[in-house]
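We name chains A, B, ... by the order of the sequence lines, and we start the count at 1 in each one.
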Amino acid sequence: MEKGLISVDRWTGHSQAYFLTHLHSDHTQGLSSSWAKGPIFCSRLTAKLFPFKFPGFNLSLLRLLPIGTWHSISLVSPSSGSSSTLQVMPIDAHHCPGSVMFLFRGEFGCLLYTGDFRWETTSKRAEIGRTMLLNALKDDVVDILYLDNTYCNPSYAFPSRAIVAQQVIDIIVSHPEHDIIIGIDSLGKEDLLLHISHELKIKIWVWPERLQTMHLLGFHDTFTTKTSLTRVRAVPRYSFSVETLEGLNTMRPTIGIMPSGLPWVVRPLENGDKLFGSLLTSRYNRSKWSGNGGNHTEKPNGNLGSVEKFHKYIYSVPYSDHSCFAEIEDFVKLVLPTNMKGIVSSSSCYVDPLYYFGRLCGAYQSAQSLPHNKRKERVERLLAVNNKNTFRCGASAGLERKRAMTVKVKNSGIHVSRMSALRRKKRGAKIEENDRPN
DNA sequence: GCGATCAGTT
DNA sequence: CACAACTGATCGC
């Protein structure tokens, strides 16, 4: 079976060029310090952060692509030996530092791979990104849009990060005598922390490795590893728990703030436009929260909008680095691709973006009715993408995936996974199964 | 030691 | 219940 000439966020196969959208670990599975299969194309900031994540990596493999400009890459078809030129433009994805989308064009047509992205309409930076994309697309039709469909369901609605950042300020200001703990990952949410620091004129504690990352990002004055300098600390999300907060509160009054992409599901039939979400595990829900009567229902901060207090020490705020449904819709309307695919299929509930946005695709009907779309097949032979979205597997893996295949629920657009819980994790089995003629 | 896979965490 | 992102154990080489 012919392998893809290029790979996006996919590191286990063999390609001639590899593209990295950003440095979160679910996009670098298979990448390591000793990985050396070929050139990696990424943004300048990702390249700067790269050696910190993969010390000892052969940096001569990295190819920096300035954002917003086209670059040509020569590829050679392994089967025919003929060479072709691929053009690629990285575009700011507004997901985390260094994150980009990749716009490709070549003999195969025009592809846009968003990686993880947030498409806010309010900020200056978002406006620049929108203009950049429109300029890049002005002479092209996107044949296939590979879309971050993490929250591709109208149930997912949350405000812009700027609004939520202000909500976080309100929480902190309303607790002047408390220490503040904020859960973050190894990359991302820097803008939130900078906003807090700027508004409240305080430094923010981070753990030592995170301080190094902050320095690499160019933030030299805002962050500290000295706890005595500030009451606001950003801690690893995996060390942020109810138990942690309860332990801290035996020493000093402390509240936790979790900026989370957890589902902020609109429940129109319940409490009007109130937003609900949860950062609590089911274990905790059963064992402690429900047993603690009434505490979580008090609303000491009536003006916090969708902020939800789940625990006497913990606030969850809908600060998401992925696009909400309305933003995905805006994006699709802007790009108007001929066809599209979701790149996230790890959930037990996969929503095909075509269900919601298919009518926006110019050639959607014809693409669906044609038994063989030659152009699409050419495209798919060229491009191998990450394991959330693999189009190519060996024959035996293909058989396995037949068994684990998803089932399309008629008229719902929701594919209910039949994978066992064991096999459910990020197998990327869903997308191409529905594209292949049987 | 390394990569792949799985289990488990918030 | 759910998510994205992450850590850590284990296994085969």
Atom-pair distance ([atom1] on [X]; [atom2] on [N]), nearest Å:
X	N	atom1	atom2	answer
A:Asp185	C:dT7	CG	P	9 Å
A:Arg210	C:dC6	CZ	P	9 Å
A:Phe158	C:dA2	CZ	P	19 Å
A:Glu190	C:dA5	CD	C1'	14 Å
A:Phe57	B:dG3	CZ	C1'	15 Å
A:Gln29	B:dT5	CD	C1'	10 Å
A:Asn153	C:dC3	CG	P	11 Å
A:Met258	C:dA5	CE	P	13 Å

Tell me if the centroids of the rings in A:Trp35 and A:Tyr18 come within less than 6.0 Å of each other. yes

Using a 4.0 Å heavy-atom cut-off across all strands, classify [X] as base, sugar-phosphate, or nothing.
X	answer
A:Gly30	sugar-phosphate
A:His95	sugar-phosphate
A:Ser186	sugar-phosphate
A:Ser239	nothing

Keeping A:Thr21 on the side-chain end and A:Met101 on the backbone end, is there a donor-acceptor pair under 3.5 Å?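 Side chain of A:Thr21 to backbone of A:Met101, a donor-acceptor pair under 3.5 Å: no, none is there.
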
Counting only N and O atoms by type, is there a donor-acceptor contact under 3.5 Å from the side chain of A:Thr150 to the main-chain atoms of A:Asp148? no

[X] side chain near [N] phosphate (N/O to OP1/OP2, under 4.0 Å):
X	N	answer
A:Ser32	B:dG3	yes
A:His322	C:dA5	yes
A:Ser25	C:dC6	yes
A:Thr150	C:dC3	no

Quick one: do A:Arg118 and A:Asp321 make a salt bridge, cutoff under 4.0 Å? no

If the threshold is 4.0 Å, N to carboxylate O, is there a salt bridge linking A:Arg161 and A:Asp191?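 Salt bridge: no.
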
Could you please name the option among C:dA5, B:dC2, B:dA4 that lies closest to any side-chain atom of A:Ser34?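 Minimum distance to the A:Ser34 side chain belongs to B:dC2.
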
